[in-house]
2 protein chains.
Amino acid sequence: MFNRKEQILDVAEEILQTQSLSSFSYQDLSDRIGISKASIHHHFPSKEELCLALVTRHRSSLTTTLETITQEQTNPIQQLDAYMLHVSQILQSGSKICLTGSLQSEYTLLSKNTQQELSNLCKYVHTWLSRVLAEGKKQKVMAFPGTSEDHASLIQAALQGALQQARSESPKQFNAVIRQIKVLLKGK
Amino acid sequence: MFNRKEQILDVAEEILQTQSLSSFSYQDLSDRIGISKASIHHHFPSKEELCLALVTRHRSSLTTTLETITQEQTNPIQQLDAYMLHVSQILQSGSKICLTGSLQSEYTLLSKNTQQELSNLCKYVHTWLSRVLAEGKKQKVMAFPGTSEDHASLIQAALQGALQQARSESPKQFNAVIRQIKVLLKGK
DNA sequence: GTCTATAGCGGGATAGAC
DNA sequence: GTCTATCCCGCTATAGAC
């Protein structure tokens, strides 16, 4: 048999990116997976544990993604492009938002552990982005004023916000943000 | 007597910016205001109506704010600064996020009317920002590549994302985004 | 406008059989 | 691992008295 735990996390992640932590229930999971609520409780006794597992898995998945990008692309511009493509695929697969954004909106409802794990995840992405930007500047293939860290913060925040804005507006708004991030990095 | 409806909306807005639409209840309102749940239903029969009223009021409030800024500040740079100060005050009054961001995260759960009103609100802010940026460029007090509309989208998305990121990180992350938005507008 | 009381539902979680 | 059955709770919403 395949891994049921992973299947539950897959479905939970999808719902979380479409709705919110408070609004989704074991019943939702039960309906979509086709096993009873009690069976899901067997794998994840509490909602809090499920949520923590979700964030932990997401962090390790994102780590793999970013490491792969770093290995496959040597050019910092292509590395950033690959990451932005990764983010835009979230939008294209339904009008989802990133897991991070969904959970940060309900940050005050998370357990201490989950908050910590979410914080680690964000820090990791920020560090990666900062490094790519610093490398791009050093190689003179990117140009931007200010520090790499600040510019990384801007890009990270903009991508998260853009996914959400795309919901009430059109995906065009999201594409506008991607376009502008790229334009800003071109020297003149 | 003061206006109870407004009081309810005040408290609801505060809770929504701290938690989420799904997680907050008439009981929460009842506890904080000191009247029964049934009394609140008298003013806002359903949660959906309350939510719509909240967005409508927020839109008119924001319209006033932006019009005031436009009248009081003649310099586009100062207009943008005033708006960003307005946003940063959201963060300073507790670790809140903007109403827009909170509701967009649960966009799929909103009624059609509320979705439409939220969309109008976002469009209005985007139009205002675009105009300020275009004016700044025309007066040569701002410099940025690309269109005013795209740069407005970037700033709007970044501010919304930054408020959320500030929760799992520190307010420093938010300040970094503000700083970088300003730096990007300086000609060199 | 506010209250108490309650309906009716769905939530998270558990017990115990298979 | 999965099920049925059930507990207890909190939710939205309504009825009807004051």
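In what follows, every chain begins at residue 1, and chains take the letters A, B, ... in the order their sequences are listed.
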Side chain to side chain donor-acceptor pair (under 3.5 Å) between Asn3(A) and Gln7(A), intermediate numbers included: CA-CA 6 Å; Asn3(A) 194 332; Gln7(A) 186 195 17; over 6 Å; no
Joint hydrophobic cluster, Ile181(A) plus Ile178(B), side-chain heavy atoms closer than 4.5 Å: yes
Salt bridge (charged side-chain N to carboxylate O under 4.0 Å, His left out) partners of residues 55-76 of chain A, not counting sequence neighbours, each pair once: Glu6(A)-Arg57(A), Asp10(A)-Arg57(A), Glu13(A)-Arg57(A), Arg59(A)-Glu117(A)
Nearest-angstrom distance from the residue atom CD1 of Ile35(A) to C1' of dG1(D): 8 Å
OG-CD distance between Ser105(A) and Gln17(B), expressed to the nearest 0.5 angstrom: 12.0 Å
DNA chain D contacts made by residues 9-18 of chain B, counting heavy atoms under 4.0 Å: none
Qualifying residues under side-chain hydrogen bond (donor to acceptor under 3.5 Å, both in side chains), relative to Ser22(B), sequence neighbours excluded: Glu106(B)
Protein-nucleotide distance (His43(A), atom NE2; dC3(D), atom P), rounded to Å: 9 Å
Ser39(B) side chain near dC3(C) phosphate (N/O to OP1/OP2, under 4.0 Å): yes
All side-chain hydrogen bond (donor to acceptor under 3.5 Å, both in side chains) counterparts of Gln104(B), not counting sequence neighbours: Ser168(A), Gln160(B)
For Phe44(B), ring pair (Phe, Tyr, Trp, His ring centres under 6.0 Å) partners two or more places apart: none
Expected output: side-chain Asp28(A) to main-chain Ser25(A) donor-acceptor under 3.5 Å: yes
N or O in side chain of Ser36(B) less than 4.0 angstrom from dC3(C) OP1/OP2: yes
Nucleotide N/O to protein N/O under 3.5 Å, stretch nucleotides 11-18 of chain C:
{"unit_1": "dG11(C)", "atom_1": "OP1", "unit_2": "Ser25(A)", "atom_2": "OG", "d": "3.3"}
{"unit_1": "dG12(C)", "atom_1": "OP1", "unit_2": "Lys47(A)", "atom_2": "NZ", "d": "3.2"}
{"unit_1": "dG12(C)", "atom_1": "OP2", "unit_2": "Tyr26(A)", "atom_2": "N", "d": "2.9"}
{"unit_1": "dG12(C)", "atom_1": "N7", "unit_2": "Lys37(A)", "atom_2": "NZ", "d": "3.4"}
{"unit_1": "dA13(C)", "atom_1": "OP2", "unit_2": "Lys47(A)", "atom_2": "N", "d": "2.9"}
{"unit_1": "dA13(C)", "atom_1": "N7", "unit_2": "His41(A)", "atom_2": "NE2", "d": "3.2"}

Ile8(A) CD1 to dG1(D) P, straight-line distance once rounded to whole Å: 10 Å
